[in-house]
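Down below is the structure, laid out as C-alpha cells.
Predicted model, so just to flag it, every value in this text is computed and none were measured. We name chains A, B, ... by the order of the sequence lines, and we start the count at 1 in each one.
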Amino acid sequence: MITLAEPIKVKDWKSDVKPIWCPGCGDYGVLNSLLKALSDLKLDPDHVAIASGIGCSGRFPAFVNAYGFHGVHGRALPLATGIKTANPELTVFAVGGDGDAFSIGGGHLPHAARRNVDVTYVVMDNEIYGLTKGQPSPTSPIGMERKASPYGTYDAPLNPIAMVLSYGASFVARGFSSQPRELTELIKRGVQHQGFSFIQVMSPCVTFFDTYAYFKEITAPMPESHDPSDRMAAMQLALERTQYLGVFYEDNRPPHHVHMEELQEKAGNHLTLEKLLERFQR
Amino acid sequence: MITLAEPIKVKDWKSDVKPIWCPGCGDYGVLNSLLKALSDLKLDPDHVAIASGIGCSGRFPAFVNAYGFHGVHGRALPLATGIKTANPELTVFAVGGDGDAFSIGGGHLPHAARRNVDVTYVVMDNEIYGLTKGQPSPTSPIGMERKASPYGTYDAPLNPIAMVLSYGASFVARGFSSQPRELTELIKRGVQHQGFSFIQVMSPCVTFFDTYAYFKEITAPMPESHDPSDRMAAMQLALERTQYLGVFYEDNRPPHHVHMEELQEKAGNHLTLEKLLERFQR
Amino acid sequence: MPVNDMVIRIGGESGEGIVTIGEIFVRIAAFSGLEVYTFRTFPAEILGGHVTFQARISDKPVLSQGDEIDVLVSLNQEGYDKHIGELRPGGMVLYDSTDVSPMPGLDGHLLYPVPVDELARSIDFMRGRNLVMIGAMVRLFGLPLDRAEQMVRRRLGRYKDLLPKNLESLNLGYNYAQEHFTQPPPVYLEPPVEGAREGLVMTGNQALALGAIAAGCRIYAGYPITPATDIMEFLAKELPKVGGAVIQAEDEIAAINMAIGASFAGARAMTATSGPGLSLMIEALGLASMTETPVVMVDVQRAGPSTGMPTKTSQGDLYLALYAGNDEAPRFVVAPSSVEDCFYQMINAFNLAERYQMPVIVLSDQSLAPRVETCPPFRLDQIELFDRELADLAETDTYERYKITETGVSPMAVPGMKGGHHTAEGLEHNEKGNPNYTPQMHQAMMEKRQRKIETARQQLTLWPNIVEEWGDDDAAIAIMGWGSSLGPVQEAMARAQAEGYKVAALFPKVLLPMPDLQIRRFIKGRRAIIIPELNLRGQFARMIEHRYSRELIRDGIEVVSLNKYRGLPFRPVEIYEKIVEVAQLLTVRARVE
Amino acid sequence: MPVNDMVIRIGGESGEGIVTIGEIFVRIAAFSGLEVYTFRTFPAEILGGHVTFQARISDKPVLSQGDEIDVLVSLNQEGYDKHIGELRPGGMVLYDSTDVSPMPGLDGHLLYPVPVDELARSIDFMRGRNLVMIGAMVRLFGLPLDRAEQMVRRRLGRYKDLLPKNLESLNLGYNYAQEHFTQPPPVYLEPPVEGAREGLVMTGNQALALGAIAAGCRIYAGYPITPATDIMEFLAKELPKVGGAVIQAEDEIAAINMAIGASFAGARAMTATSGPGLSLMIEALGLASMTETPVVMVDVQRAGPSTGMPTKTSQGDLYLALYAGNDEAPRFVVAPSSVEDCFYQMINAFNLAERYQMPVIVLSDQSLAPRVETCPPFRLDQIELFDRELADLAETDTYERYKITETGVSPMAVPGMKGGHHTAEGLEHNEKGNPNYTPQMHQAMMEKRQRKIETARQQLTLWPNIVEEWGDDDAAIAIMGWGSSLGPVQEAMARAQAEGYKVAALFPKVLLPMPDLQIRRFIKGRRAIIIPELNLRGQFARMIEHRYSRELIRDGIEVVSLNKYRGLPFRPVEIYEKIVEVAQLLTVRARVE
Ligand SMILES: Cc1ncc(C[n+]2csc(CCOP(=O)(O)OP(=O)(O)O)c2C)c(N)n1
Ligand SMILES: Cc1ncc(C[n+]2csc(CCOP(=O)(O)OP(=O)(O)O)c2C)c(N)n1
Ligand code: SF4
Ligand code: SF4
Ligand SMILES: [Mg+2]
Ligand SMILES: [Mg+2]
C-alpha cells in the first residue's frame, strides 16, 4: 500500500464526472464513504485502481479521481485480480451491484475468496437490478412484484454474507449506505486487510425498490460480543433474520500476490531466454 | 415421478456404450449406484433425463439407457433446469465433475439451489481435472504439485457442502464411490426429495490423483445424532476436517416447477392469441 | 406542407410526462384511424435526464420518423431551447405559457400558448397537466374528442378515483384550444371519415413477443438487458396464461442453455438479449447446432462495441450472428423490418428452428424495439406452424437420433417418447449419438448438418415473408438492405419516385440462408445497388458483394455502401440523397460512355 | 526410395511406451543432426486406447508428416494388425518377436524381429523394453550410439538409480540388431558427417510459450483445455522465473478478463484456449477492443463445432476470430504456420497488441500444438519489441486516454504513472474516457478504433514474418493458405515442381489486417489459386475471393477451394494432386480457348 505524507482531500478524490444516479440513491453514500476512506488512509491516487462491472453501482470508477476500469457485466473481480497480480503495489478495489456480484458474476466470487486476492470488494446491494429498471435480483425478497415477476418472485433470496463465509473469504463485513461513518471505517479496515475483503453494503434503490425503511428496521449493529475470528459464530449471525452491520469475520492468511512473490523467489527470478532455450537445443 | 409396476433390471439400465474411464476410476462406482437407484425406484427410462457437462464424469449420460444431454463444460444445471421446467413429469439428473460444478459452472449452483429446481445433482468430486489430465481443481488440497502447479497449489480449496448449504439448497448430502450401497440410498433419497438435491460424491481419479486411501481415512459416517433439519448443525459438520457421509440437510419447500404450476393457475391458463391481441387493437 | 403527415416532437426532462403525453396522444390518433410511428431517446441518467419523444402521424402508413419536425411541444423553457433549432421554418410551437417564453418571430414559427399550469390549478389537479396539454393538442390538430376520452379511459381507467379529474383536464385543454386557436393551423390531422380501420398499435418488442406466442413458444429463459428486457417482461405476464413459463436466468449463458434444455425436452423455447448477451451465448449456439436442438435467440441490437451505448441503435451484430462459433456451426439468421414484421418473422424463426432442428438468431434493434407503430391486423389464419419431425419409434432400439438423411434433417425423439432414448451429444457422434471421432463420420456429420442450410434455402422459396421487394422493376438503381431500415428506404424511394427517379428495392428477411434465387433475379440488369446500413464496415454490403460478385462484376453493377454509425436510425432524406447522387453519377457516366 | 527421408510409425495401446519410444527416438535423430517432424493421435479413453506415433526424419527440413509409411514398429499383435495395411509395399516391419507374428510375404514387407521381452528379461529389467527397441532402431537405421546414450542420459537422467540399467537396455537392443541385421536396410538414415547443426527441437505449444516469454509476456491467465493446456503448464513453470505469474482461472471468461486487467495495469498479458473457450471470450474481446487494451489470445483450434473432437485438428475458427463481437470491435488475427513460426508470430502478436492497443488472436491448431519439429536456432538478436506508447504526463489533468489521433493510437497511461488517472471505459466515451453518447463522438470513436487497422496494415509492410512467399514467380498456378498447412503445401509444391509444374505460393501470417499489398502483387497474372483449408466452408478462400474479387474476376483468376474436414491435417499428396488436376484443367482450357 503506497501512501502519502499528507492526505488528499475528499473533494479532490472526487472526479468532475457527475453521477447519473437518482437523487436519494444509496450509492451516493457509498461513494462518499469510499472517498473519505481513500483520504483517511492517505492513499495515493496514482496507485489506486477501481474495477467495476455494469449497473448503476458499476458507474463508480468514473466518479473517483484514480485509475479505473469499467468492464463488462459481472467481471469486476477477474479484472481486479489481473490488476493486482500485475502490479501488487496498487491498492485495488472492485465495486458493483448485487446482480453483477451474485448473478452473472456469481461464479467468480468463490475463486477470488479462495485465492485471497488482495482486493476490497464493495457490493452495493439494493436487492434489485437498478440500471435495467427494476427486475428482481438474487437478493430480492420473495413475493416481489415487478414487470419481470408479475405474479411475485418465488425464488429464495441468496444470503451473501453466509455464501462468502462458506467460500472461506478472509474478511467479511456488512455496511449500510445510510451510516457513512461506520461504512468508511469498514472500507478502511477492508483496505488494510491483506487479502480478499468482501463488504456487502445495503444501498437502497429509491426508484425501483425503496428499502430505506426496511433496511433501517432489519439492520442492527454487530453484537459487541462477536469474535470475528470465529467463523461458525459469524455464520450463525449471517443466517439470522437481523442484518448485522460490522465485521463478521477476519483471518490473516497470506494473500495471492504474496504467494506469487514467494513462488517467484522459489523458482529463482533470474531466467534468461537464452538459458531457457538451451533445454531445447538438439 | 413416473414409475413402473415392475422395475427395469440394472443391466437393462446400462447402455451398450463402454465407459472410457480408466480401470479403477471412482466413477464406475457412481454409475453403478445410480443405475441401481434407478432400478430400485422403478423409474421409467422414457421419463428419465440426465444432463451433463464436460469431464470424465460428464460422459455419464451415454452410459445410461435413458434420455441424455451431453452439453458444454459447466452448464449441466441450466440444461437440467430447462428440461425440468419444460416437462415436469420427467425425473431429471445433472451430473459432472468438481471442475464442471465448482469452477466454470460455479455460477449456476447458487441459482439452481435458490430456485429449488427439482433435479438431483450428482457431483463426482475427485479433487482434480481428470479429462484434461490432471490440473488442480477448486477442491484440490493446498500444496498439490502438478504440471499446472509446479510449485504446489496455494489457493484454499472450496468446501462444496458448506457452499451449497449457504445457498439454501433443500437437500445436501455426501457419498463415496467406494460405498455403493450407501450411495445408492443417498441417490434414491435425492430423487425422492422434491426440490434441488445436491450430492457430492467423493470419487477418486486413480490416474491423476489417487485419493482412495485419503478419502477412506478422512470420511466417516454421518453422526447418528445429526438432525438434517438443522442447518447450523449441518454447517458445523460441513466445516469439520472429517468428511461426513450421509444427508447433511433437508427441508421441504416447494420446488420450482410447482411454483410454475401455481403461477399458471393464478394467471389463468386459458389465454388465446385473439384475446391477447384485443389489447392492442386501435 | 401536407395535411395528415405531421412530425411532432416533445422534449424535456424525463419524468415530466413527455413520454406519457406522447404515448397517449399517438394512441388517440391511432384510435381515430390514423397511422403512427414513434421515436424516442433515452437519457443516460436513470431518473431525469433529457428525453425526446417524437411521433409521425399520417393517414397513410408511416414508415419512418420523418426528416423534419413540424410541431414542437414544450412544457418548459429547457425543452423549448433544446429543440427549437430543429423545428422547421414555419413550424408550430405548442407550449405551456406559464413556463415557456418562446422567441417571437423566430423562423416564422407559429405560437400556440396554453396556460397549462393555470388551467390545471383551476381545477386543483396539478397531475392533470399532461392531459390539459393533450386536450389542447387533440383540438388544435383536429382529432375527435370522443376518441380521446375513450383512450383516456382505456389507458388510465385503472386509477378509478382519478378518472373524472383526468377527463376534466382533457376537456379543459380542449376547450381552451377551441376558444383561443380559431384559425385552422397549417398542419393538422384529418382522421378518415369512416373512422378507425381495424388494426393494431404496439411496439416492436411486443410484436416479437406476440409472434413467439403465436409460434407456440412456451419456455422463455432470459437475462435482463436493454433494449430486450421488455420481451421477457411481456412474456413473464402472458406465457403462464398459455401454460408456459419464463425463467429469469442468472446470466445469458444459463438462459440459452435453459432454452436448449427445454427444447430438448419438447418445448418450443427461446431467449432474447442484446449484443453483449449474444456474445456470451456463442458457445451454446454451437452446442445447439451440434446437437441439432431447435432454439430461437433474439438479439435486439444496440450500439457497441462492448457495452457501448445501450440506448442507441445499430445494425452491428450481423457478422456475429452469421459467423460466430467455433468450427462450422450452422444456424439461421432472420431480420424483421418493422413492428408488424416482428410478428411474422418470429413465426418464420420458430418454423426454421423446429423444422431444421437448428438455432435461429433473430436480429431486431434498439430503434425497432420500443417504437410504437400502427399495423394492420395480424393474419392469424394464414399462419402455418411447422412441427419438428418426430421419430417413428414403432421399432424400438434401432432409433438413430442423428440419422444421415438427404435433407440433413433426422427425425427427433423427445423425452417421454417410448424407446427414443439417446444422448444429445456435443461431441462428434455417429448416427446413434454415440461419440465417434473417425474421419469418415466427422466428414459425414459435418456435411449432414451443413446440408440443412441448403435444404432450407430451397424449401424457403415457398414460405411467406422471406423477402420484401418493391419499386420499379426496370430501375437501374436498386436498394438492398435488411432489418429496420426498410421504412426509411420505402419513404426515400417514394420521394425519389415522385420526382421521377426509378428505383427498385429488396429486403431479405431471412439472411441465412440467403434467398439467392430472388436476389439473383432482383439484381439482374441493375447499374448500382445502394446498401444502407447502421454499421461501419457495411457488413451486409460486404456479404452481398461477395456472394454475388460474379454477377456484380460481370455486369458492372456497383455496390454503394451507405453506412451510418451514430447510434441513430436512418432519416429518409439520407437515403433519398444517396439515390439522387447515384442517379446523377450514372447519368454522367452514361454520357461519358 | 530415398535414403534420409523416412516415415516411421509406432502404433499400439497407449501406456505401452509408444510415445516414449517415438519421442526419444526422434530426439536421438535430431541430436544426430537430422530433421524431424512428428504426428500423433490421441485415444478417446483417458488411460489406454489406441495411439499412433509417427515421425518423419530426414536430413533436409521436414515440412509434413509425409504421405506413406516406410517403417512400422510393432510392440504387439494389435499394433501390427491395425497399421500393417498402411505400410507401403516393400516397407520394413520392426517388431517384438516375442509378441508379434507378422504375415510373411505380405506386400514385400521386410521383417526385422527383435525379441524385446526376452532381452529385457535377460537383464531382469522389464521396464527397459522400450529402450531395447530404441537401441535396435538406432542401430538398424544407422544412428550413432553415443548420441543415443547422451540423449538417454538427458531424458532419463533424473531417474539416477535406473540409468545404468536403461543404458544397458539400449545397448542390448543395439547389439542385437548389429548381430542379426547385417544387410543394410532399404531405408536408413545418414546423419550429416559434420554432426548436429545448431538447432532446436520442440513442440508448437512450447514454441508459442517461448515466443510469449521472448515478447515480454509476464502475466498468463488461462483455463485448461485440450490442446492448449500445456502452454499454461509450460508457463506455470517458467514465468515465475522471469518475475511473471500464471493464474489458473475459474473459467475462460475470468481468464481473459484477468489478462485484460493485468494489461491495463501495465503488464504484457495473454491467455490461451481452444475454440469453445474462445467462444466464451467474445464479450471480453469486445471490451479489450473498446477500452483499447492490448491483450493476446491464443486459440489452438480443434475440430468442432461445440465440444466436437478435442484431440483432432481443424482450421475452423477463422470466422470466429475475424468476425465475432457485438458491433464493430476491431482486433488483429495472426496465424503461425510451423513450430518455428509459432515463436516469431507470438512476437508479432504482442507487438501488434502493444503498439496498437488491441486484442490479438493467434490461431494455432491441434496438429501444430503437440508436434515435435526441429527448427533452426531462434534469431534472438533480430527480435524487436515495440512498447506501447506511454503518455507524456508532464502537464497533468489534461490527459486524454482516448485522444483522437491520425493513426488512431492514443498514448496510454498505466496505474502508477503520476497524473494519468482515467477510466478504461466499456461504454462509448469521449477523449477523456468519460461516457458520451452523442452521435458525433460515437462516429469519431468508431472511426478512431477502426483506423488502427489501416495504420497497422501500412506499417506492417515493414515488419518481418508477415507473409511467406515462395515458388515460381511466373507460375499460372498459385497456392494460398494460412496456418499449419504451410508444410504440406511446401512439400506438395516441391514434388510438383520436380515434375516440371510451375507453382507459386503465399501464406500471410497476419490475416487481419490482410497484407493487401503483397497479396495483390502475388495474385497478379495467375490463372488459378488453390486454397487448401481444414474447414468446410473454405473460410479463408471466401475471404480472399471477396477481398480481391475485382482482380480475380477481371483477370479470370479462379479460386479453387480444397477443403478437408476430417479432423486430420493435409497430406502433401492431397495438395499435389490438386495442383496436377488444376494444371491439367488449365491446359485443356488453354487448348479450347
Ligand atoms: C452481458 C450483459 N448482460 C446484461 C446486461 C444488462 N445489465 C446491465 S446492469 C444489469 C444489472 C444491474 O443490477 P445490479 O448489478 O444489481 O446493479 P444496480 O444497477 O442495481 O446497481 C444488467 C442485467 C449487460 N450490460 N451485459
Ligand atoms: C469451455 C471449455 N473449457 C474447457 C474445457 C476443457 N475441459 C474439459 S473437462 C475439464 C475439467 C474436467 O474436470 P472435472 O469437471 O473435475 O471432471 P473430471 O474429468 O475430473 O471428472 C476441462 C477444463 C472444455 N471442454 N470447455
Ligand atoms: S435506479 Fe436505483 S440504484 Fe440506480 S441510480 Fe436510481 S436509485 Fe440508484
Ligand atoms: S482420468 Fe481419473 S477421473 Fe478420468 S477416468 Fe481416469 S481415473 Fe477416472
Ligand atoms: Mg442492484
Ligand atoms: Mg474432477
Side-chain angles (χ1 to χ4, degrees), chain A residues 2 15-17 20 45-52 54 59 61-62 64-87 89-90 92 107-108 110-111 115 256-257 260 263-274 276-277 279-282, chain D residues 27 30-31 196 198-202 206 210 213-214 218-219 221 237-238 240-245 247 249-251 253-267 269 283-284 286-287 291 374 377-378 380 414-427 433-435:
Chain A
I2 294 180
S15 85
D16 46 16
V17 178
I20 55 153
D46 296 331
H47 289 88
V48 169
I50 309 181
S52 73
I54 303 292
R59 292 292 192 103
V64 186
N65 246 339
Y67 285 92
F69 203 124
H70 189 199
V72 290
H73 193 28
R75 317 303 171 189
L77 284 177
L79 280 176
T81 301
I83 295 170
K84 183 72 188 180
T85 308
N87 185 353
E89 290 202 335
L90 303 175
V92 182
H108 306 301
H111 298 276
R115 268 183 210 114
H256 182 252
H257 66 276
M260 290 286 160
L263 197 145
Q264 288 165 355
E265 235 160 79
K266 197 162 154 189
N269 183 351
H270 43 51
L271 187 74
T272 63
L273 187 60
E274 286 75 9
L276 188 52
L277 283 171
R279 210 186 305 155
F280 299 93
Q281 226 93 54
R282 65 171 171 192
Chain D
R27 279 183 166 80
F31 197 33
E198 251 199 296
L200 302 163
V201 191
M202 63 178 68
Q206 285 168 340
L210 288 165
I213 294 175
R218 288 302 171 265
I219 299 284
K237 180 119 194 178
E238 307 303 336
K241 297 183 190 162
V242 293
I247 317 178
E250 55 272 27
D251 60 22
I253 297 177
I256 177 66
N257 279 287
M258 285 174 185
I260 290 171
S263 174
F264 166 76
E283 191 200 17
L287 177 66
T291 57
T374 35
F378 294 150
L380 300 188
V414 301
M417 279 171 67
K418 194 157 180 54
H421 312 161
H422 67 275
T423 294
E425 182 55 79
L427 291 167
N434 298 334

For chain A, which candidate among [options] shows the most heavy-atom pairs at distances under 4.5 Å?
options	result
D:Gly286, D:Ala259, D:Gly420	D:Gly420
D:Lys237, D:Met202, D:Arg218	D:Met202
D:Pro415, D:Ala245, D:Ala269, D:Gly261	D:Pro415
D:Ala265, D:Ala424, D:Ala262	D:Ala424
D:Ala214, D:Gly243, D:Gly266, D:Ala255	D:Gly243

Open item on the list: Could you walk me through whether A:Arg282 and D:Thr374 satisfy the side chain to side chain contact (heavy atoms under 4.5 Å, CB included) test, starting with their C-alpha distance in whole Å, then the side-chain angles of each, then the deciding distance to 0.1 Å, before giving a yes or no?
Closed with: CA-CA 8 Å; A:Arg282 65 171 171 192; D:Thr374 35; 3.2 Å; yes
Task: Evaluation steps, side chain to side chain contact (heavy atoms under 4.5 Å, CB included), between D:Val201 and A:Gln281 - done: CA-CA 6 Å; D:Val201 191; A:Gln281 226 93 54; over 6 Å; no
Side chain from CB out, backbone as N, CA, C, O: work out which of these in [X] comes under 4.5 Å of a heavy atom of chain D, or both, or neither.
X	answer
A:Val17	side chain
A:His270	backbone
A:Leu277	both
A:Arg279	both
A:Ala66	backbone

Is it the side chain or the backbone of [X] that comes within 4.5 Å of chain A heavy atoms, both, or neither?
X	answer
D:Ile219	side chain
D:Ala254	both
D:Ala221	neither
D:Pro377	neither
D:Leu380	side chain

Any idea which of [options] has the most non-hydrogen atom pairs under 4.5 angstrom with chain D?
options	value
A:Glu274, A:His73, A:His256, A:Arg59	A:Arg59
A:Ile50, A:Leu263, A:Leu276	A:Leu276
A:Ala76, A:Pro110, A:Pro45	A:Pro45
A:His47, A:Glu89, A:His108, A:Met260	A:His108

Task: Evaluation steps, side chain to side chain contact (heavy atoms under 4.5 Å, CB included), between A:Phe280 and D:Leu210 - done: CA-CA 11 Å; A:Phe280 299 93; D:Leu210 288 165; 3.9 Å; yes
- [ ] To the nearest 0.5 Å, tell me how far D:His421 NE2 sits from A:Asn65 CG.
- [x] 6.5 Å
Task: Nearest-0.5 Å distance that lies between atom OG1 in A:Thr81 and atom CD in D:Glu250 - done: 7.0 Å
- [ ] Scan D:Asn257, D:Ile256, D:Asp251, D:Ile260 and name whichever one has a side chain to side chain contact (heavy atoms under 4.5 Å, CB included) with A:Pro78.
- [x]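 That would be D:Asn257; it is the only one of D:Asn257, D:Ile256, D:Asp251, D:Ile260 passing the side chain to side chain contact (heavy atoms under 4.5 Å, CB included) with A:Pro78.
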- [ ] Start with the C-alpha gap between A:Arg115 and D:Ile247, add the side-chain angles, then the distance that decides, and say whether side chain to side chain contact (heavy atoms under 4.5 Å, CB included) holds.
- [x] CA-CA 10 Å; A:Arg115 268 183 210 114; D:Ile247 317 178; 3.9 Å; yes
